[in-house]
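Heads up, the thing below is written out as structure tokens.
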Amino acid sequence: MENPITEAKKELIQWIKEMDELEDIAEVMELKDRMNSNGKVAETQSEYVVKDDFDERFAKGLTSAESRKRTREFIEKLPWKK
């Protein structure tokens, strides 16, 4: 048995394909715009492509000595019960 949502989507797609009235298509477009604008930003993800700068970030990272030093300092600052 096929998913009822999938079946409904197929039916809607077929119905929209058969539409000829510009007013009806405009109403469907308005509904789509309202659905997309409910607190969502309808922008493509391609605008937010982030370059892979792993090597640069890794080079700027902590050395093992600096990491050990910071870890020791953090542990010494913890509220140990005596």
Side-chain angles (χ1 to χ4, degrees):
M1 183 174 172
E2 194 169 338
N3 184 346
I5 293 175
T6 305
E7 191 62 37
K9 286 179 181 181
K10 287 179 182 178
E11 190 175 317
L12 282 171
I13 290 168
Q14 186 60 37
W15 176 66
I16 291 171
K17 282 182 180 180
E18 294 171 359
M19 275 186 179
D20 290 329
E21 295 295 323
L22 184 58
E23 292 174 359
D24 295 338
I25 294 171
E27 284 184 46
V28 172
M29 292 298 292
E30 287 176 18
L31 175 63
K32 178 187 144 251
D33 291 342
R34 280 196 313 265
M35 298 288 289
N36 284 340
S37 68
N38 287 341
K40 298 178 186 173
V41 177
E43 297 178 19
T44 61
Q45 289 294 339
S46 63
E47 296 177 20
Y48 298 102
V49 174
V50 178
K51 71 173 188 164
D52 183 16
D53 61 346
F54 174 79
D55 293 329
E56 293 172 21
R57 289 182 290 124
F58 186 79
K60 293 177 184 176
L62 296 176
T63 63
S64 59
E66 180 65 24
S67 178
R68 283 193 296 271
K69 177 184 170 195
R70 288 186 183 188
T71 302
R72 259 188 255 110
E73 289 172 357
F74 175 76
I75 291 173
E76 288 171 2
K77 290 179 183 178
L78 290 174
W80 299 105
K81 293 184 180 179
K82 294 182 180 182

Who passes salt bridge (charged side-chain N to carboxylate O under 4.0 Å, His left out) against [X], sequence neighbours left out?
| X | result |
| --- | --- |
| Lys10 | Glu2 |
| Arg72 | none |
| Glu56 | Lys51 |
| Glu76 | none |

Does atom CG of Leu62 have more than 12 heavy-atom neighbours, drawn from other residues, nucleotides or ligands, at distances under 6.0 Å? yes
Under a single-linkage rule joining Ile, Leu, Val, Met, Phe, Trp and Tyr whose side-chain heavy atoms are separated by less than 4.5 Å, which residues share a cluster with Met29? Leu12, Trp15, Ile16, Met19, Ile25, Val28
Quick check: does any side chain N or O of Thr71 sit under 3.5 Å from a backbone N or O of Ser67, one acting as donor and the other as acceptor? yes
Can you tell me how far the CG atom of Leu22 sits from the CD atom of Glu27, to the nearest 0.5 Å? 10.5 Å
Could you please spell out the steps behind the salt bridge (Lys or Arg N to Asp or Glu O under 4.0 Å) verdict for Arg70 and Glu66? CA-CA 6 Å; Arg70 288 186 183 188; Glu66 180 65 24; 3.1 Å; yes
Can you pull the salt bridge (Lys or Arg N to Asp or Glu O under 4.0 Å) pairs that have at least one residue in residues 12-24, sequence neighbours excluded? none
